[in-house]
Participant: 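The structure that follows is given in the form of structure tokens.
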Amino acid sequence: MIAIYPGSFDPITFGHLDIITRGSQLYETVVVVVSTNPNKQPLFDAEVRIQQIRESVAHLSNVEVDSFTGLTVTYARMRKAKVLLRGLRVLSDFEKELQMAHTNKTLAEDIETVFLATSTEYGFLSSSLVKEIAKFGGAIDHLVPQHVARDICQCYAKT
Ligand code: ADP
């Protein structure tokens, strides 16, 4: 069974990687899909985010990385996937995630959203937190893979 793990991944963190790793143990294939949102101004272009994720999951043989502009359920249908994987951290995630799961259910009755609870050590971790710390010169090596930390630091060094 194929599971789609959609998100912004701007950039990928150890929290995302934890969900991907655990998902890859549950499903035959996990496709990480970088969703490109025309209304959001990301730090990294989709191609860069894809590259960052590919390098981070190179050791996981059943994980693929792709990008898509459009509805996640449209992509899922295209891939014949029946599962959308999402991660849950705190209560505030729950409201947004439940609304999205219900919306997707109205669009595609046959596709299920499956939530994995964050591992306790990553409950606080988000892409925006990492960017906030990096912007002010703080250490992020414990939050993102080394090559991603390097990209972020280069990005902020330019500004
Ligand atoms: P989006 O903009 O779609 O929320 P994100 O890249 O922020 O995309 O997150 C993708 C998914 O990963 C979401 O379901 C989010 O809740 C989950 N996620 C993000 N960080 C963590 C974490 N530290 N632990 C578990 N799940 C996480």
Side-chain angles (χ1 to χ4, degrees), residues 2-27 29-57 60 63-76 78-79 81-108 111-135 138-149 151-152 155:
I2 300 182
I4 305 292
Y5 180 39
S8 313
F9 307 106
D10 186 39
I12 187 162
T13 70
F14 283 140
H16 295 126
L17 266 179
D18 173 59
I19 299 290
I20 296 169
T21 307
R22 288 160 57 210
S24 74
Q25 287 155 8
L26 296 171
Y27 297 100
T29 305
V30 172
V31 188
V32 183
V33 181
V34 174
S35 337
T36 49
N37 181 344
N39 300 321
K40 271 195 198 169
Q41 186 53 54
L43 181 63
F44 296 110
D45 287 344
E47 299 74 47
V48 177
R49 281 180 270 160
I50 288 178
Q51 206 39 52
Q52 289 169 338
I53 302 169
R54 285 221 171 105
E55 208 169 322
S56 310
V57 301
L60 299 170
V63 176
E64 293 174 27
V65 189
D66 200 357
S67 72
F68 189 66
T69 307
L71 296 173
T72 304
V73 290
T74 306
Y75 182 84
M78 229 167 68
R79 296 298 308 261
K82 293 273 177 243
V83 171
L84 304 179
L85 201 58
R86 296 288 287 179
L88 278 181
R89 285 163 296 190
V90 284
L91 200 60
S92 53
D93 274 349
F94 183 78
E95 264 185 61
K96 190 187 74 176
E97 292 291 340
L98 194 65
Q99 185 186 30
M100 195 131 62
H102 283 156
T103 306
N104 282 331
K105 200 74 183 152
T106 66
L107 298 171
I111 297 175
E112 295 292 344
T113 301
V114 172
F115 297 106
L116 288 187
T118 180
S119 295
T120 44
E121 66 264 47
Y122 301 127
F124 68 97
L125 184 50
S126 69
S127 300
S128 32
L129 182 86
V130 171
K131 288 183 275 193
E132 193 82 9
I133 298 171
K135 192 154 60 174
I140 52 169
D141 308 78
H142 57 307
L143 306 176
V144 296
Q146 218 169 30
H147 63 279
V148 177
D151 288 351
I152 300 172
C155 214

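Note that ligands are numbered from 1 as they come in the structure, with each ligand's atoms numbered from 1 the same way. Quick caveat, the model's predicted, so the values are computed rather than measured. As a basis for the values below, the full set of heavy atoms in this structure was taken, side chains included, without hydrogen atoms, waters or symmetry mates.
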Participant: At a 4.0 angstrom heavy-atom cut-off, what protein residues surround ligand 1?
Facilitator: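 These residues qualify: Y5, P6, G7, S8, F9, G15, H16, I19, K40, R86, G87, R89, D93, K96, E97, T118, Y122, L125.
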Participant: Rounded to the nearest 0.5 Å, what separation is found between the NZ atom of K40 and the CG atom of D10?
Facilitator: 8.5 Å
Participant: Can you name the side chain to side chain contact (heavy atoms under 4.5 Å, CB included) partners of I133, sequence neighbours left out?
Facilitator: L129, I140, L143
Participant: Taking only residues two or more places apart in sequence or in another chain, which ones pass side-chain hydrogen bond (donor to acceptor under 3.5 Å, both in side chains) with N104?
Facilitator: none
Participant: For the residue pair F9 and H16, categorise the inter-ring angle as parallel (less than 30°), tilted (30 to 60°) or perpendicular (more than 60°).
Facilitator: perpendicular
Participant: Go through the structure and list residues passing side chain to side chain contact (heavy atoms under 4.5 Å, CB included) with A108, not counting sequence neighbours.
Facilitator: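 A108 satisfies side chain to side chain contact (heavy atoms under 4.5 Å, CB included) with V73, R77, D110, I111 once adjacent residues are dropped.
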Participant: Would you indicate whether the side-chain heavy atoms of Q99 and H102 approach each other to under 4.5 Å?
Facilitator: no
